[in-house]
Amino acid sequence: MVKPARLVAVGVLALSLLTIPTMINLLTDQAPEWLKSPVLLLSILVVAFAVVAADAVRQGRQTGGGPVGKDGLYADRLISGIRRTLDEMDRGSIAAEAGVQLGELARLPLPLRAGNDGITGAADLIRTVGTERGGFSVVVVGEPGSGKSTLLRDVGWHLVEEADRLRRSGEEAVVPVPVDAGTWRGETELEVHLRERLRAHAIPPGVTDRWLGEGTLYLLVDNLGWLPVTRRRKVIEELNTFRDRYPAIGMLICANEDDQTDALGLRTVTVEPVSREQVLLHLDRAANTHQELRDVAAGSGALVEVLRNRLFLTAALLAFPDRGGSRVARSAHEHPREAIIWAYVASMLARDPGLTDPKSFLGRLGWIAKQLERMGTFYFHDYLVSGWLPGKARRRAVGILIGVLLGLVQAAATAVILVPRHQTVGFVVAAALFLVSVGVRVPDWPATTEPVHTFRLRGSWSVREFRRGFRRPIGFVTIACTLFDLYHLWGHVPGWAAYDAAQRRQVLVFALVAVLAVSGLGFVQGWTLEAVDTGKWAASMEPRPFGRYLIRVLRWAAAGAVAVGAGAVLVLATAWLILHWGEPVDLRPAIGEGLLVAAVVFVVVLVTLLGVRVEIAVVEALLRDDGLIPEDLPGFLGQAARLSLLQRTGGGEFAFSHQILRYYFASREA
């Protein structure tokens, strides 16, 4: 609920911004004398800006510093969000699927190799994290499928539950924050990426600063081994930079044994390989349901070697229960790894009696895996742009055609709006929009083209940002404007008594405009406007009525038009006042120009978002005609997730349940 004081402050700000231009218009010969009194006008300005400044400082303290007592509310909010994140990480994974079907048998113990500074298991690891916090940063290494990601999720669940317990008892808590290296990929600084993650949970920047300094957060970094070597090296550099900047923040990093983990300079905890005896002992415990698998494994050294990988052991337990005819003999083949993976896939497909064409289903999964390999990514989006088309020439042709279409519509609409008022400017802007729309498509960049994420704007003003603003160009502009205005006022005010009414009015109007311009610049340099990602797409493959999507696009275009148009009106009005200070001012031309700018922005945003939908429809039709995707792609992806072959990762993205599965499907023949 918004506090009354905040409403009053906002009301005073709005009133001051609306009444100042009105007063300037009234400062003419027809205005009453009392309205032209400098004492009255300056008093109104001082009171208005004092109230605004006080509210800004208070808001800055809440956003930039914030009462410590409020941190508990933010911590509860973050804990709730991390719970949802961990639940999404678990949902659809092989480990979670095995837990549903096999219970305790699904989890092979995960001992850690001796010599890890007294850390012999997950319990020791969790306890050390809780006690040492930022002083404990460690790399957990092991071969793919050894259980590192499962261990990381276990640590995350324990830490978040412990944080919730401590929060309820009023104690200080350490909150885990999962960081998916496959999504982050080092494309931004880790600090920036982390702040974006926390903003998605509605955590103010000031609270984030305090948590980073105090070590309230603990990072859980996974999927480092999914990255190419050059990208992995960049991520490791960013991790080291972050650790140097925030030594109080600890992190647990999961990596493959062949990763360049030495560059991190952290202690290493190695996952203990499962021995042959442990494999057979675990199969003994499952003798009631997996006796056949136990018998074959006892006589096949190659099979046992594969089952030493925890992922393959889990897959074998899922695929080879004692029911129906014998299929486990294939696992004793000279390629037991492929046999177990195939058996797992077949067992998952058998769970869906409505799957009438498994060969086609697997072929499409293989196509997805191959495209992920080609595009160098690990996540499949539920939207398709030209980057998904096979063939470089085809991708470029579709990209350029879509760009030309967008450019023509934008240029035509802009010309219709601007040319009647400003012929030269209208043609120049229309041509520029056309060239930009087409030019970004001419290079072979369609693989990086993505539809627009929906977001909500969140603005805040803080003293911290105001101080930082003086190190940015707008700060130098503010100082220059202040000195310029003071110089002119100093040259006029001493002769105030000798001025006639018109000269005094000119000086007063100049003072009003100067205060408004400088105060506006100062306010802008302390203002932070953030676009918080909602995790939803403005255009996606999800089946929804086009009318609903059109309404959403219209709402977005209108919001952009209002924001940019209002800014244009304020800028033009201020410039008009400064150029014609001391004269009767008519702000209607500024409003008209602002409406024109708003109309152009509305058309550009509308056409761009609808053009994204057009590109998706074109690419979908081409791929569907080639038989590479099914008629109902969202339904296909959802079905693959229900069968634990894919898993949802949030934001309309899907990934294979494990990279081993992705490698397997990518290597299969079409």
Side-chain angles (χ1 to χ4, degrees), residues 368 371 375 377 379-390 394-414 416-417 430 433-434 436-442 445-457 531 533-564 599-626 628-638 648 650-654:
I368 291 176
Q371 300 313 305
M375 299 179 70
T377 183
Y379 301 97
F380 184 84
H381 301 277
D382 65 353
Y383 62 84
L384 296 172
V385 290
S386 53
W388 292 102
L389 292 173
R394 197 181 190 192
R395 293 195 300 272
R396 176 174 292 185
V398 171
I400 293 178
L401 288 176
I402 296 295
V404 170
L405 175 64
L406 292 180
L408 286 175
V409 177
Q410 289 175 347
T414 303
V416 169
I417 294 172
L433 284 175
F434 177 77
V436 169
S437 298
V438 179
V440 297
R441 302 280 180 153
V442 172
W445 290 348
T448 62
T449 304
E450 292 186 353
V452 181
H453 253 170
T454 59
F455 62 91
R456 58 179 180 273
L457 294 176
D533 194 344
T534 63
K536 299 179 180 179
W537 298 101
S540 73
M541 292 291 294
E542 296 178 3
R544 61 166 61 100
F546 181 76
R548 189 181 305 172
Y549 171 73
L550 179 60
I551 292 175
R552 179 187 303 172
V553 170
L554 289 171
R555 186 168 63 244
W556 269 79
V562 169
V564 178
V600 172
V601 171
F602 179 84
V603 169
V604 171
V605 174
L606 180 66
V607 172
T608 301
L609 291 179
L610 290 180
V612 170
R613 188 60 176 249
V614 170
E615 180 178 0
I616 289 175
V618 170
V619 174
E620 178 190 5
L622 291 173
L623 294 175
R624 190 171 55 245
D625 293 343
D626 292 343
L628 298 176
I629 63 172
E631 292 289 333
D632 181 15
L633 180 60
F636 171 81
L637 296 174
R648 295 180 184 270
E653 296 176 345
F654 291 81

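By convention here, the first residue in the shown sequence is residue 1.
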Inset, instruction - Would you give the length of the straight line joining atom CG of Leu637 to atom CD1 of Ile368, rounded to the nearest 0.5 angstrom? - result: 5.5 Å
Inset, instruction - I would like to know whether Val562 and Phe602 meet side-chain contact (heavy atoms from CB on, under 4.5 Å); could you show each step before the answer? - result: CA-CA 9 Å; Val562 169; Phe602 179 84; over 6 Å; no
Legend entry - Heavy-atom side-chain proximity of Pro390 to Leu623 below 4.5 angstrom: yes
Legend entry - Atom pair CH2/CG of Trp388 and Leu628 - distance to nearest 0.5 Å: 12.0 Å
Legend entry - Partner of Val604 under side chain to side chain contact (heavy atoms under 4.5 Å, CB included), chosen from Val564, Leu406, Leu433: Leu433
Legend entry - side-chain contact (heavy atoms from CB on, under 4.5 Å) evaluation trace for Leu405 with Leu401: CA-CA 6 Å; Leu405 175 64; Leu401 288 176; over 6 Å; no
Legend entry - Distance (rounded to the nearest 0.5 Å) between Gln371 CD and Ile629 CD1: 11.0 Å
Inset, instruction - Could you tell me whether the side chain of Arg395 and the main chain of Leu389 form a donor-acceptor pair under 3.5 Å? - result: yes
Inset, instruction - With rounding to the nearest 0.5 Å, note down the distance linking CZ in Phe654 to CZ in Phe636. - result: 10.5 Å
Inset, instruction - Keeping the roles fixed (side chain from Glu615, backbone from Ser386), state whether a donor-acceptor pair exists under 3.5 Å. - result: yes
Inset, instruction - Work out which heavy atom in Glu631 is nearest to a heavy atom in Glu620; give both atom names and the distance. - result: O-OE2, 4.4 Å
Inset, instruction - Grab the two heavy atoms, one from Val619 and one from Val385, that are nearest each other, plus how far apart they are. - result: CG1-O, 3.5 Å
Legend entry - Closest contact, heavy atoms only, Val603 versus Ala413: CG1-CB, 3.2 Å
Inset, instruction - Starting at CG of Leu609, measure out to CZ of Arg552 and round the result to the nearest 0.5 Å. - result: 10.0 Å
Legend entry - Separation of Leu633 CG from Phe380 CZ (nearest 0.5 Å): 5.0 Å
